[in-house]
Engineer: 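Structure provided below as structure tokens; questions to follow.
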Amino acid sequence: MQTLAEGLRIPTNGLDYAILAIYFVVVLGIGFMARASVRTSLDFFLSGRSLPAWVTGLAFVAANLGATEILGMAATGAEYGVAVVHWYWIGAIPAMVFLGLVMMPFYYRSKVRSVPEFLLQRFDRSAHLLSSVLFAFAAILIAGVNLYALSIVVEALLGWPQWVAIVVAGLFVLVYITIGGLSSAIYNEVLQFFVILAALIPLTVLGLKRVGGWDAMSDALSQQHGGDFMTAWGGTGIGDPNPLGANWLTIILGLGFVLSFGYWTTNFAEVQRALSAKNLSAARRTPLIAAFPKIFIVFAVMIPGLVAAVIVPRIGTPDSGLTYNDAIPLLMQELLPNGVLGIAVTGLLAAFMAGMAANVSSFNTVFTTDIWQRYVVKDQPDTYYLRFGRLITAIGVLASIGTAFIAASFSNIMSYLQTLFSFFNVPMFVVFIIGMFWKRASMKSGVWGLVAGTTAAMVNYFWIYRGGVIDIPTDQGANFVSAIVGFVAGAVVMVAVTLFTAPKPEAELAGLVYGTESPSPDEELEEADRAWYRKPALLGWGAIVLAAACYLPYSF
């Protein structure tokens, strides 16, 4: 197991602990206040569909601003350089816009409580059950990543053994999610969004100052790793070597299309935030509002990773005694004065709790409504499922504690996360995209597309890549290829199965396939929603144009 480097302790004092204590009191207070609004299972799992767009939008981006963004992306920056921008401007923004403009109307109008429930309406029970099980399993694994990242900070802060840090951190998240349900998670995520920025911005500014500014950092890293380390597209021609170990085709198809769309459009930990919005207009704007801060967050997570690579030139190697995951704790130890350090530690803990809470709250919804209520214990009073939702939340946190130790075996947790996404999110995406745009796709094609996509991605990763059948330079490059293989396999099998099985009756496809009429008329937009800055299309295209403009300095 990878543990924190010996001696990498954060030099906190009483002021830092006071800031941390105040934050925890506020978090628990929000949980207890949210409890008063939880009267039904819909309140617990989807906040009663009552939240405004600005709240759900900030919660949407904060739910992702966990281990993936902080430790994971800083580690990726230290390992692969400026290529980390691909995960944002190619691997997030277009998919978030697509979710808001195209997919949210399908989700919201169908009144589903989860992403797998949509597959039940479009395909059949077998596709629904398999997608529910796959998602629940993936959610626990990903929650474990956030919990492991949280334990790294607690270990550096208090010097606790890693297993103690994992258990204590998990139990704290359990308390505020169990008490207040999704409302507690979402309102805490809005708070955590601002706390996280307050932590990352000083770390970024002081880090650049420590290494002499961007130009000096760029010169040092170019000498250490080659010129392509400080460019986004350098060396990405097919067959050319580059730090990321991927070419432009696998970046665009594997990351920009398959992995990105698979994550942002079918990952219920994100979609759940939009489904809790008060109306369709607010639901559509949720991912679009989130896209704007997402464009700029890359600088706050990439630059600390690059700075760490300058301070410790051999980070991630046995000689340095540091893993890539140690980049952020290293800079906190090296750069931040007390007081600011307390804010930074609080911000990191907030980030990891946001990421874990997002996955645990989506897990309890899917397990309760899509597995337990539909297949195990049916037709019980709503209060029964509310109690069971709280129980399964506790079980999910305990399971996450176990999967946190799996994440601890990876030097770069971002690589681990991308591997999970290629196994679980990509097959679900191919089933969604074909089912939503092809009326002929049969009921049975959904489950076989999921089976084929998941199996093909796993075979490519564990046998072809890990077994050395084909030489792929890096884990990230292998993940891109696995995603493409999983998508193609799922699509081919869906088409083949459709040719030999019966389609769903066309009358049952209304509102579930693009171009078909919804069974109920669209809700009327409020007059305020007609303002130009609230129109989803304008927000979406604005985010894409702004992201494209940000790319220009990194294109050479």
Side-chain angles (χ1 to χ4, degrees), residues 4 8-34 58-59 61-63 65-67 69-71 74 146-160 162 164-177 179-180 184-207 209-210 293 297 300-301 303-304 307-308 325-358:
L4 192 72
L8 189 54
R9 287 288 306 278
I10 298 174
T12 48
N13 64 14
L15 176 60
D16 303 313
Y17 287 118
I19 294 171
L20 190 58
I22 291 171
Y23 171 75
F24 279 116
V25 169
V26 171
V27 166
L28 291 178
I30 291 174
F32 279 104
M33 287 188 292
L58 291 180
V61 71
L65 198 56
E69 300 273 324
I70 311 300
L71 287 193
N146 285 277
L147 187 54
Y148 164 63
L150 180 57
S151 75
I152 290 179
V153 179
V154 174
E155 183 185 3
L157 178 64
L158 301 174
W160 293 353
Q162 190 176 82
V164 175
I166 288 174
V167 170
V168 172
L171 293 179
F172 184 84
V173 174
L174 169 63
V175 170
Y176 83 79
I177 292 296
I179 291 172
S184 174
I186 285 180
Y187 281 114
N188 270 309
E189 283 161 2
V190 173
L191 169 66
Q192 288 159 352
F193 174 77
F194 294 103
V195 175
I196 291 164
L197 291 184
L200 289 177
I201 292 172
L203 204 62
T204 302
V205 173
L206 294 175
K209 183 177 180 181
R210 168 69 178 271
I297 287 172
V301 293
I303 292 174
V307 170
N325 295 329
D326 293 327
I328 291 290
L330 170 69
L331 295 192
M332 291 170 62
Q333 180 195 54
E334 292 279 327
L335 303 176
L336 298 183
N338 292 110
V340 177
L341 185 59
I343 295 174
V345 170
T346 303
L348 284 181
L349 295 181
F352 305 141
M353 286 191 295
M356 183 182 177

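One is the number of the first residue; the rest follow in order along the sequence.
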Engineer: Tell me which one of Thr204, Leu206, Leu203 satisfies side-chain contact (heavy atoms from CB on, under 4.5 Å) with Leu331.
Structural biologist: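 So, applying the side-chain contact (heavy atoms from CB on, under 4.5 Å) to Leu331 and each of Thr204, Leu206, Leu203, only Leu203 qualifies.
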
Engineer: How about Lys209 and Val205: do any of their side-chain heavy atoms sit closer than 4.5 Å?
Structural biologist: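 With C-beta onward as the side chain, the pair stays apart.
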
Engineer: Indicate the atoms forming the closest heavy-atom contact of Gly207 with Leu335, along with that distance.
Structural biologist: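 Where Gly207 meets Leu335 most closely, the heavy atoms are CA-CD1, 3.5 Å.
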
Engineer: Please round to the nearest 0.5 Å and tell me the distance separating atom CD1 of Ile328 and atom CG of Leu200.
Structural biologist: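 Going from CD1 on Ile328 over to CG on Leu200, the span is 6.5 Å.
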
